[in-house]
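Okay, structure first, notes after.
Everything numeric here is computed off the predicted structure, so don't read it as measured data.
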Amino acid sequence: MTREEVLQAAAKCVNGNRQEDYGSPENNFGLVAAFWNAYLHPYMRPNIIGIDSKDVAAMLGLLKIARIATGHGKADNWIDLAGYAACGGELERAEEATRSEGDERT
């Protein structure tokens with residue numbers, strides 16, 4: 001696959017059926033973060049910030065990188081990695097906008 005084909009396939013996944021099936025990345029990754037925080041709670045030190053939606057996007061990207069690192073990577077791993085990066089970037093942008101709105105109010 002070319003770079004363009006990988007990015008087009010990732011865009012189709014992120015903006016197509018997956019969003020229809022699982023909801024927006026904000027909601028789905030937020031739910032995953034809540035589950036991971038609940039699971040990891042016994043292992044976390046008090047007052048440590050938990051996992052958020054951006055962390056979920058990054059860690060799912062790391063999962064894909066680990067699969068690629070086995071030497072048995074598939075085009076689908078690269079497509080998913082690009083999709084997780086795109087979702088993480090959008091989540092970061094939304095968070096920055098929220099912070100900016102808060103700064104304007106103070």
Any side-chain heavy-atom pair from K64 and Y84 closer than 4.5 angstrom?
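The answer is yes, as the side chains (C-beta and beyond) meet within the 4.5 Å cut-off.
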Are L31 and N27 packed together at the side-chain level, in the sense that at least one heavy-atom pair is separated by less than 4.5 angstrom?
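Heavy-atom side-chain distance check fails, nothing below 4.5 Å.
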Salt bridge check, K54 against E96: does any charged N sit closer than 4.0 Å to a carboxylate O?
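Not counted as a salt bridge, because no side-chain N and carboxylate O are separated by less than 4.0 Å.
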Looking only at heavy atoms, what is the nearest atom pair of [X] and [Y], with distance?
X   : Y   : value
A33 : S53 : CB-N, 4.2 Å
A57 : G88 : CB-CA, 3.7 Å
I79 : C13 : CG2-SG, 4.3 Å
V6  : A82 : CG1-CB, 4.4 Å

Does [X] reach the main-chain N or O of [Y] with its side chain, forming a donor-acceptor pair under 3.5 Å?
X   : Y   : answer
E5  : T2  : yes
N77 : K74 : yes
D55 : D52 : yes

Nearest 0.5 Å, please: how far is [atom2] in [Y] from [atom1] in [X]?
X   : Y   : atom1 : atom2 : result
E90 : F29 : CD    : CZ    : 10.0 Å
L7  : K12 : CG    : NZ    : 15.0 Å
T70 : I65 : OG1   : CD1   : 12.5 Å
W36 : I51 : CH2   : CD1   : 6.5 Å

So if you build clusters from Ile, Leu, Val, Met, Phe, Trp, Tyr with side-chain heavy-atom gaps below 4.5 Å, do [X] and [Y] land together?
X   : Y   : result
L62 : W78 : yes
V56 : L40 : yes
V14 : L91 : no
M44 : V32 : yes

For atom CZ of R93, decide whether the heavy atoms of other residues, nucleotides or ligands shown that lie under 6.0 angstrom number more than 12.
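No, the 6.0 Å shell around CZ holds no more than 12 heavy atoms from other groups.
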Side-chain H-bond candidate by donor/acceptor type, E26 with S24, under 3.5 Å
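Yes, a side-chain donor-acceptor pair sits under 3.5 Å.
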